[in-house]
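In what follows, a single structure is set out as structure tokens and then discussed.
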Amino acid sequence: MKQQTLHTILLALLYCCLFAGTLFFLTLHWSLPYIMRLDVLPSPGDLRYLITLCCWYIGTAGALVLLIMLTRMAKTLSGNPFIRRNVLYMRNMGFIAIGMSLCSFLAAAMYGFRPLLLIIGMMEVFCATLSLVLSSLFEKAVEYKDENELVI
Amino acid sequence: MIRVNLDVMMARRKLGLMELAEQMGITPANLSILKNNKGKAIRFTTLDAACKALKCQPGDLLEYTEEEQEDTL
């Protein structure tokens, strides 16, 4: 498969995820009781439900920001991806993923033991670690590239 | 630090930036980087091309100077 085709497919996938994520974010208030499989629909003043809802909103917003950063990084693939902006994006993605994992863990604790949310939280921690390590590696690569460009 | 005295030799041989870049086979942008001492390293092939174009020795182009120490409070 040609590189250009792969980039196009990647960008298309990212845009689809962004669209789906935005829809999910906008309908979260109505869909959350079904996602959490709550036996009884929560009352308006239910603190546990409000905390869970906040965690999901923050987590989803974080995911959307992550997707936007990924899209911007993917756009540089056809040109020059070794730029400092991509290093910053990867670092920020790591920190956002850590925030998302905290929200997942908090949401998991609200309605008893929720193993799926715990697993999602652990995956987010893993992805955060990966992103932070890769951002350091990428920063070195950018430094070497910059230095190499100044070799005449 | 190593200084590149390209501007001195260019003035002596009365060669402009564009002309010298063309003779050396590098872009004017890269030549400008060399001339302004912004480069990190120079290839032997580039140095060879510079000496050929300017009819000089590497020592005429490269000069070692002591780095100025920064004043510390």
Side-chain angles (χ1 to χ4, degrees), chain A residues 1-11 14-15 66 68-97 127-152, chain B residues 1-70:
Chain A
M1 191 180 270
K2 278 186 184 173
Q3 200 80 307
Q4 192 59 36
T5 316
L6 201 61
H7 291 158
T8 313
I9 292 170
L10 187 64
L11 271 171
L14 283 166
Y15 280 127
L66 256 165
I68 290 168
M69 285 185 189
L70 266 173
T71 311
R72 286 185 180 175
M73 280 176 68
K75 282 181 182 172
T76 64
L77 282 173
S78 52
N80 174 30
F82 290 99
I83 51 177
R84 297 222 172 263
R85 197 182 66 172
N86 284 353
V87 173
L88 276 170
Y89 280 159
M90 287 175 88
R91 196 167 292 157
N92 292 341
M93 276 162 56
F95 292 134
I96 288 171
C127 290
T129 316
L130 195 67
S131 189
L132 288 171
V133 169
L134 284 176
S135 78
S136 301
L137 283 172
F138 212 75
E139 196 174 10
K140 279 284 171 198
V142 169
E143 268 175 39
Y144 290 145
K145 184 186 170 287
D146 283 346
E147 204 167 301
N148 198 41
E149 276 182 348
L150 292 174
V151 173
I152 312 298
Chain B
M1 75 173 241
I2 303 290
R3 273 184 59 88
V4 181
N5 296 321
L6 210 57
D7 43 359
V8 171
M9 289 310 300
M10 280 168 71
R12 278 189 198 165
R13 302 286 184 257
K14 295 183 177 55
L15 271 176
L17 193 85
M18 300 293 282
E19 210 182 323
L20 181 60
E22 206 182 314
Q23 286 185 27
M24 282 175 67
I26 63 173
T27 61
N30 281 348
L31 186 59
S32 181
I33 289 170
L34 262 183
K35 190 165 153 284
N36 296 321
N37 287 290
K38 295 275 191 290
K40 293 276 183 215
I42 184 168
R43 294 189 180 93
F44 281 135
T45 48
T46 308
L47 188 58
D48 177 67
C51 291
K52 197 179 276 183
L54 293 166
K55 296 178 181 53
C56 64
Q57 290 292 315
D60 299 326
L61 289 173
L62 304 174
E63 179 195 344
Y64 171 74
T65 56
E66 290 278 346
E67 267 188 61
E68 284 174 8
Q69 283 184 344
E70 283 176 14

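Proteins come first, then strands; the chains are lettered A, B, ... in the order of their sequence lines, and each starts at number 1.
Once rounded to the nearest 0.5 Å, the distance linking CD1 of A/Ile152 with CD1 of B/Ile33 reads 4.5 Å.
The neighbour count for A/Arg84 CZ, taken as heavy atoms of other residues, nucleotides or ligands under 6.0 Å away, is above 12. Environment of NZ in A/Lys145: crowded, with over 12 heavy atoms of neighbouring residues, nucleotides or ligands closer than 6.0 Å.
Residues of residues 6-26 of chain B lying within less than 4.5 angstrom of chain A, judged on heavy atoms, are B/Ile26 in numerical order. The interface of residues 34-49 of chain B with chain A, defined by heavy-atom distances below 4.5 Å, comprises B/Leu34, B/Lys38, B/Gly39, B/Lys40, B/Ala41, B/Ile42, B/Arg43, B/Thr46.
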